[in-house]
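First the structure, in the form of C-alpha cells, and then the observations on it.
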Amino acid sequence: DFPPGDEAYHNYDEMVAELDKTVADHPDIASKVSAGKSFEGRDIPVLKISDNVATDEDEPEVLFDCNQHAREHLTTEMCLHIAQRFTDNYDDPAVKESVDNREIWIVPSVNPDGSTYDVASGEYQGWRKNRQDQGTDVNRNWGYLWGCCGGSSDDPADETYRGTEAWSSPEAAAMRDFIDSRVVGGTQQIKAAVDFHTYSELVLWPFGHTSDDVTEGMTQEEYDRFAKVGTEMAQTNGYTPQQSSDLYVTDGDSLDWMWGQHKILAFTFEMYPSSGGGLDGFYPPGDVIERETARNDAAVDILLREAGA
Ligand SMILES: NS(=O)(=O)N[C@@H](CCC(=O)O)C(=O)O
Ligand SMILES: [Ca+2]
Ligand SMILES: [Ca+2]
Ligand SMILES: [Zn+2]
C-alpha cells in the first residue's frame with residue numbers, strides 16, 4: 001500500500017470501491033463496465049456517466065483514461081476527481097448540461113498490475129511498465145505504426161519496451177477492444193479523449209511517431225484544430241501545449257492510435273509537477289491531489305465542449 005503520508009492516494013481496491021460507491025450513490029447517471037483483464041487478471045473498470053445511463057443514447061462520447069504508467073498515481077486521482085465532479089455535482093447546471101448531453105467514459109487505471117506492484121512493498125518502486133515478463137510499456141504497445149520510428153525499445157529490460165508485437169499487452173488490448181466497441185453503425189462514438197500521465201505539465205497532441213505536423217493521417221486543418229484546442233486547454237491549467245513528438249518521438253502510443261485509427265481528438269496531459277528531477281516528481285505528497293486535479297476542470301470542460309463541435 002502507499003507509504004505513510006500518502007494514504008490519500010487510492011490503491012487498486014480503494015479505486016474499485018470508489019467507483020462502486022459512485023454507482024451506488026448515483027444509479028441514474030453512473031454505471032460500471034469492464035474493458036477487460038490485466039496480465040495478472042485484475043479487472044480494468046470503466047465508469048460511464050450520462051443521463052439515462054443504461055441507454056446508449058446518440059450523444060457525443062468522451063474518454064478519460066489514466067495510469068497507463070504504473071508510478072503515475074496522481075493520474076488515477078485525476079480520473080476519480082472527474083468521476084466525482086460529474087456525479088456529486090449533478091445539481092450544478094453546468095455539470096448537468098454536460099452529463100445530460102454527453103456520455104463520459106472514465107478508466108482510472110489502465111495498468112492495475114503495475115500500479116499495485118509499485119506500492120505493494122510500502123516503498124515506491126519507480127515502476128512504469130505492466131507486469132508481463134520484464135514489463136511492457138503499455139504506451140508503446142498500441143497498434144498504430146507500432147515500433148515504426150525509433151520511439152520505443154525492442155529490449156525487454158528497457159523502460160520503453162514495446163512488447164513482442166502490437167497489442168501483446170493485455171492492458172493495451174483491453175483498451176483497444178473497449179474503444180473499438182464504441183464504433184456503432186460504422187461511426188466511432190468517442191469524439192475526444194485525454195490520456196493522463198505525469199509529469200511535466202504539458203498538453204500533448206498527435207502524432208508522436210513523427211516530428212512532422214502534417215503527414216499521412218493528419219492534414220493541416222486537423223493539426224491546426226489540435227493546436228487550437230490544445231492551446232486553449234493549456235491556457236486554463238498553465239501547462240505547455242505542444243505536439244507530442246516535440247517532447248520526444250514515440251511510437252505505439254495511445255494518441256497515435258486513437259487519432260490514426262479512430263480520428264478521436266486525443267490529447268495526453270502530463271500533470272504536476274513541472275519538473276522535479278528524477279523519480280521524486282512521480283510521487284508528489286497526497287496534499288497536492290485536490291489542487292492538482294481540480295486544476296484541470298476547465299480543460300476537461302473544453303474537451304467536453306469540443307466533442308460536440
Ligand atoms: N508519462 S511519460 O512516460 O513521462 N511521457 C509519455 C508521453 C506520451 C507521448 O509523448 O505521447 C510517454 O513517454 O509515454
Ligand atoms: Ca445520456
Ligand atoms: Ca452513445
Ligand atoms: Zn506516462
Side-chain angles (χ1 to χ4, degrees), residues 26-31 33 46-79 86-87 90 95-105 107-111 114-115 118 126-130 135-142 151-152 159-161 169 171-172 175 178-179 181-192 194-204 208 239 244 247-248 250 252-256 262 264 266-273 276 279 281-284 304 307-308:
H26 307 279
D28 298 346
I29 59 170
S31 67
V33 298
V46 184
L47 187 75
K48 178 185 179 185
I49 301 174
S50 190
D51 65 333
N52 310 308
V53 72
T55 306
D56 180 5
E57 296 189 300
D58 185 16
E59 300 164 332
E61 301 183 14
V62 180
L63 170 67
F64 299 103
D65 74 272
C66 296
N67 198 221
Q68 277 205 80
H69 289 140
R71 61 195 175 194
E72 300 170 15
H73 302 289
L74 183 61
T75 66
T76 298
E77 303 310 316
M78 182 69 228
C79 271
F86 285 98
T87 52
Y90 185 55
V95 168
K96 186 174 190 309
E97 175 73 15
S98 293
V99 171
D100 291 355
N101 294 287
R102 296 287 183 273
E103 290 175 342
I104 301 169
W105 302 100
V107 188
S109 182
V110 172
N111 177 9
S115 59
D118 191 48
W127 190 254
R128 168 185 172 91
K129 300 190 283 183
N130 76 355
T136 291
D137 182 350
V138 179
N139 206 31
R140 298 296 184 278
N141 190 240
W142 297 59
S152 59
E159 288 284 50
T160 58
Y161 177 55
S169 73
E171 296 83 6
M175 289 301 291
F178 173 70
I179 296 166
S181 78
R182 299 312 310 136
V183 177
V184 177
T187 302
Q188 173 56 252
Q189 301 298 302
I190 300 171
K191 304 304 181 191
V194 179
D195 175 33
F196 286 99
H197 287 257
T198 68
Y199 62 92
S200 292
E201 299 185 2
L202 305 171
V203 173
L204 305 175
Y239 293 4
S244 65
L247 191 61
Y248 38 75
T250 55
D253 61 84
S254 61
L255 284 196
D256 286 38
H262 286 288
I264 296 168
F267 296 86
T268 284
F269 280 28
E270 293 288 350
M271 296 175 68
Y272 174 91
L279 287 180
F282 292 111
Y283 301 109
L304 287 167

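What you see is a predicted model; the values in this text were computed from it and never measured. When a ligand or atom number is given, it counts from 1 through the structure's own listing order.
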Would you check, one step at a time, whether the test side chain to side chain donor-acceptor pair (under 3.5 Å) holds for Thr136 with Asn141?
CA-CA 7 Å; Thr136 291; Asn141 190 240; 5.5 Å; no
So what's near the Ca ion (ligand 3), protein N, O or S atoms under 3.0 Å?
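Less than 3.0 Å away from the Ca ion (ligand 3) sit Asp56 OD1, Glu57 O, Glu61 OE2, Glu103 OE1.
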Write the atom name of the N, O or S atom in His197 that is nearest the Zn ion (ligand 4).
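It is ND1 of His197.
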As a test of reading the structure, name the N/O/S atom of His69 that is nearest the Zn ion (ligand 4).
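Among the N, O or S atoms of His69, the one closest to the Zn ion (ligand 4) is ND1.
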Using the side chain to side chain donor-acceptor pair (under 3.5 Å) rule, take Ser254 and Asp195 through it: C-alpha gap first, then chi angles, then the decisive distance, then the call.
CA-CA 8 Å; Ser254 61; Asp195 175 33; 3.0 Å; yes
Keeping the roles fixed (side chain from [X], backbone from [Y]), state whether a donor-acceptor pair exists under 3.5 Å.
| X | Y | answer |
| --- | --- | --- |
| Asp118 | Trp127 | yes |
| Asn67 | Thr76 | no |
| Gln188 | Ile264 | no |
| Tyr239 | Leu204 | no |

N, O or S of Glu72 under 2.8 Å from the Zn ion (ligand 4):
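It does; at least one qualifying atom falls short of 2.8 Å.
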Before you tell me yes or no, could you show the steps for Tyr272 and Glu201 under side chain to side chain contact (heavy atoms under 4.5 Å, CB included), namely the whole-Å CA-CA distance, both residues' side-chain angles and the distance that decides it to 0.1 Å?
CA-CA 5 Å; Tyr272 174 91; Glu201 299 185 2; 3.4 Å; yes
